[in-house]
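Following: one structure in structure tokens, then a few remarks.
Chain identifiers are assigned alphabetically (A, B, ...) following the order of the sequence lines, protein sequences preceding nucleic acid strands; residue numbering begins at 1 within each chain.
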Amino acid sequence: DAGITQSPRHKVTETGTPVTLRCHQTENHRYMYWYRQDPGHGLRLIHYSYGVKDTDKGEVSDGYSVSRSKTEDFLLTLESATSSQTSVYFCAISDPTEYGDTIYFGEGSWLTVV
Amino acid sequence: AQKVTQAQTEISVVEKEDVTLDCVYETRDTTYYLFWYKQPPSGELVFLIRRNSFDEQNEISGRYSWNFQKSTSSFNFTITASQVVDSAVYFCALSAYSGAGSYQLTFGKGTKLSVIP
């Protein structure tokens, strides 16, 4: 158990509405990530954070923004949800060292945009 | 650029059979890390193993074993005497240093394993 909690776990929203997913961790991990999982694509990195207020884009960042105002919380926001953002979203954490890194995932958040 | 290929989209085996899941990777980095994750029907992603590029020693953990061969850029996963609880989607992933203290993780598309009783 990597101490990761995602909320909400399931959400249905309408096209054009803003949506925020929250990732909360309890073990002071430095790095936090948001991935999305889609059939035929595996998991793809949206954004990641390497510290409070330090974030960077991943492979599929368009249409998403993130914020990290506290070590324990990493928020993913869809400013105006679209049907193409229907997906399963996974938060992850890690603590990279010079010897490498292992990423642990949360339980996922199922988002449906109708 | 990094790439991970899991050519087997779906595999079905009968319980107690052995099964090998293939993973082939591409990277220009000399130092990298390989992973396997399990995603059972409940949906969570479970970390199984991490392998460093400089350590080609094979590993066994109970019924699970991993064969890492740099010469063929492969990191295959074998389940011996499969059980119904092994039914899941298995992901192979590659991580290499991407700067600013970060390692980028690239996933294969997964292999769905069904173990039939």
For the hydrophobic clusters of this structure (ILVMFWY residues joined by side-chain heavy atoms under 4.5 Å, transitively), does one cluster hold both [X] and [Y]?
| X | Y | value |
| --- | --- | --- |
| B:F47 | B:V4 | no |
| B:L48 | B:L45 | no |
| B:Y32 | B:F107 | no |
| B:F35 | B:W66 | no |
| A:I4 | A:F90 | yes |

* Structural part of A:Q37 lying under 4.5 Å from a heavy atom of chain B -> side chain
Under 4.5 Å between any side-chain heavy atoms of [X] and [Y], yes or no?
| X | Y | result |
| --- | --- | --- |
| B:T106 | A:L45 | no |
| B:V46 | A:F105 | no |
| A:I103 | B:Y37 | yes |

* Donor-acceptor pair, B:K109 side chain versus A:H41 backbone, under 3.5 Å? ->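 Side chain of B:K109 to backbone of A:H41: no pair is present.
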* Out of curiosity, B:L105 CG to A:Y33 OH, how far, rounded to the nearest 0.5 Å? -> 8.0 Å
* By the rule that ILVMFWY residues connect when side-chain heavy atoms come within less than 4.5 angstrom, directly or transitively, which residues belong alongside A:V12? -> A:V114
* Residue-level contacts of residues 87-94 of chain B with chain A, using a heavy-atom cutoff under 4.5 Å ->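 Listed by number: B:F91.
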* Asked: Given that the side chain runs from C-beta out, which part of B:Q39 has a heavy atom under 4.5 Å from chain A: side chain, backbone, both or neither?
  -> side chain
* To do: Count the heavy atoms belonging to other residues, nucleotides or ligands that lie under 6.0 Å from NZ of B:K70, then report whether that count exceeds 12.
  => yes
